[in-house]
> 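Questions regarding the structure given below will be posed in turn.
Side chains included, hydrogens not; waters and symmetry mates left out as well; all remaining heavy atoms used.
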Amino acid sequence: MKLVGISGALAGDKTPLAVNDVLVAAQLLDSTIQTELIDLRDYEIEFSVGAPLGDYNDDTWDVVNKILSADFLVFGTPIYQASISGALKNLLDLFPEYAFRYKVTGIVATGLSNKHFLVPEYQLKPILTYFKGLTPTNNVFIHNDSFNEESDEIIDSDVSKRIKKLAEEMIYLQRGINNR
């Protein structure tokens, strides 16, 4: 199985680090799982204008195809102005309606305010559900205070436990889908 993590942050290291922690946790649980981190900072994703995918540049085409070919996915977003990142929303606008059918789609979000912990539940989860993705119950919101200020490593053991539970649930659900 291949697990692809998508970091929807164009600045900072907290979101890609959190997404990568889910990938690492999944590999520790099952060493046969292949993982890949797609950090949107590393790609020139074109702005979605509703055109066919073939009309977009190679980076856009490459990222969309990597995501479509994954068995399951974990999406990471910083919370800006009580919303998911525009970069992640733009990427999602490139996919067809059934893009995530039979795929588990986990969520990790980072934010400066605990008031934003439900943003992923009320904004990103409905989008992933629209694409027919199965969202786990153990999605993770990480307050910025849970990171070491100097290294951006997660220092909150509760957050690390929740990341591991997310990885466990994602693997469990995806295996169930694959064995149907």
Side-chain angles (χ1 to χ4, degrees), residues 1-27 33-112 116 119-136 139-142 152 163 166-167 170-171 173-174 177-178:
M1 287 191 307
K2 181 156 188 184
L3 171 59
V4 171
I6 301 94
S7 171
L10 295 183
D13 293 322
K14 289 175 178 63
T15 302
L17 180 103
V19 173
N20 191 63
D21 280 3
V22 176
L23 301 179
V24 169
Q27 279 194 313
I33 293 175
Q34 299 172 358
T35 62
E36 181 175 359
L37 175 64
I38 296 173
D39 188 334
L40 294 186
R41 297 178 296 185
D42 298 335
Y43 298 90
E44 296 289 329
I45 306 296
E46 286 189 86
F47 190 78
S48 175
V49 294
L53 189 56
D55 291 352
Y56 293 94
N57 67 20
D58 289 343
D59 272 1
T60 304
W61 178 258
D62 184 41
V63 168
V64 168
N65 282 319
K66 285 180 182 186
I67 292 169
L68 288 174
S69 67
D71 294 299
F72 57 142
L73 306 156
V74 59
F75 290 91
T77 183
I79 305 302
Y80 298 136
Q81 305 297 343
S83 183
I84 66 173
S85 74
L88 181 58
K89 177 61 170 92
N90 179 64
L91 175 66
L92 291 168
D93 284 344
L94 296 164
F95 288 93
E97 181 179 354
Y98 294 93
F100 306 145
R101 178 182 246 169
Y102 305 124
K103 295 181 188 212
V104 174
T105 54
I107 301 171
V108 175
T110 58
L112 185 59
H116 294 146
V119 171
E121 187 73 20
Y122 289 115
Q123 288 188 0
L124 187 51
K125 185 176 180 177
I127 295 168
L128 299 177
T129 301
Y130 169 79
F131 290 118
K132 310 306 181 239
L134 174 64
T135 56
N139 294 311
V140 180
F141 175 81
I142 308 168
D152 278 337
I163 286 172
L166 172 60
M170 290 178 64
I171 293 167
L173 292 171
Q174 193 60 51
I177 291 171
N178 291 351

> Return yes if some donor-acceptor pair links the side-chain N/O of Asn65 with the main-chain N/O of Trp61 below 3.5 Å, else return no.
yes

> Between Asp21 and Val108, is any pair of side-chain heavy atoms under 4.5 Å apart?
no

> Taking atom CG of Leu3 and atom CD of Gln34, what is their separation to the nearest 0.5 Å?
10.5 Å

> Would you confirm whether Asp39, through its side chain, and Asp42, through its main-chain N or O, come within 3.5 Å as a donor-acceptor pair?
no

> Kindly determine whether Phe141 and Ile79 satisfy side chain to side chain contact (heavy atoms under 4.5 Å, CB included), including the steps that lead there.
CA-CA 10 Å; Phe141 175 81; Ile79 305 302; 4.1 Å; yes

> Would you give the length of the straight line joining atom CZ of Phe72 to atom OG1 of Thr35, rounded to the nearest 0.5 angstrom?
9.5 Å

> Taking all non-hydrogen atoms of both residues into account, name the closest pair between Pro136 and Leu166 and its distance.
CG-CD1, 4.0 Å

> Between Asn139 and Pro120, is any pair of side-chain heavy atoms under 4.5 Å apart?
no

> Do Phe75 and Leu92 have side-chain heavy atoms sitting under 4.5 Å apart?
yes

> I'd like to know if the side chain of Lys14 reaches the main chain of Gly111, judged simply by a donor and an acceptor atom lying under 3.5 Å from each other, with no hydrogens or angles considered.
no

> Taking it one step at a time, do Lys2 and Ser69 satisfy side chain to side chain contact (heavy atoms under 4.5 Å, CB included)?
CA-CA 8 Å; Lys2 181 156 188 184; Ser69 67; 5.9 Å; no

> With heavy-atom distances below 4.5 Å as the criterion, would you say the side chains of Lys89 and Ser83 are in contact?
no

> Hey, what's the ring geometry for Phe131 with Phe95, parallel, tilted or perpendicular (30° and 60° as the breaks)?
perpendicular

> Could you pull out the closest heavy-atom pair between Thr135 and Lys125, with the gap in Å?
OG1-CE, 3.0 Å

> How close do Ala167 and Ala26 get, heavy atom to heavy atom, and via which atoms?
CB-N, 3.8 Å

> Under 6.0 Å from the CD atom of Gln81, do we count more than 12 heavy atoms belonging to anything else shown?
no

> Is there a donor in the side chain of Thr110 and an acceptor in the side chain of Thr15, or the other way round, less than 3.5 Å apart?
yes

> Tell me if a side-chain donor or acceptor on Gln27 pairs with a main-chain N or O of Ile33 at a distance below 3.5 Å.
yes

> Measuring only between side-chain heavy atoms, which start at C-beta, is Phe47 closer than 4.5 Å to Asp93?
no

> Report, as yes or no, whether the 6.0 Å neighbourhood of atom CD on Glu44 holds more than 12 heavy atoms from other residues, nucleotides or ligands.
no

> If every non-hydrogen atom of Ile171 is compared with every non-hydrogen atom of Met1, which pair is closest and at what distance?
CG2-CE, 4.4 Å

> How many angstroms lie between atom CG of Asn178 and atom NZ of Lys103, to the nearest 0.5 angstrom?
10.5 Å

> Give a yes or no answer on whether the side chain of Asp59 reaches the backbone of Ile45 with a donor-acceptor pair at less than 3.5 Å.
no

> Taking the six-membered ring of Tyr130 as reference, does the cationic atom of Lys132 (NZ for Lys, CZ for Arg) lie under 6.0 Å from its centre and within 45° of its axis?
yes

> Side chain to side chain contact (heavy atoms under 4.5 Å, CB included) between Leu40 and Ile38: does it pass, once the steps are laid out?
CA-CA 6 Å; Leu40 294 186; Ile38 296 173; 4.1 Å; yes

> Examine distances only and state if a side-chain atom of Gln174 and a backbone atom of Leu73 form a donor-acceptor pair shorter than 3.5 Å.
no

> Tell me the closest heavy-atom pair linking Phe100 and Ile67, and the distance in Å.
CE2-CG2, 3.7 Å

> Check whether any side-chain heavy atom of Ile6 lies under 4.5 Å from a side-chain heavy atom of Lys66, and answer yes or no.
no

> Rounded to the nearest 0.5 Å, what separates atom CG in Asp62 from atom CG in Asp58?
8.0 Å

> Does Thr77 reach the main-chain N or O of Ser85 with its side chain, forming a donor-acceptor pair under 3.5 Å?
yes

> Could you state the interatomic distance from CD1 (Ile177) to CG (Leu134), rounded to the nearest 0.5 Å?
5.0 Å

> Val22 versus Val140: any side-chain heavy-atom pair under 4.5 Å?
no

> If every non-hydrogen atom of Pro16 is compared with every non-hydrogen atom of Arg41, which pair is closest and at what distance?
CG-NH2, 3.4 Å

> Is there a side-chain contact between Ile127 and Ile84, using heavy atoms and a 4.5 Å cut-off?
yes

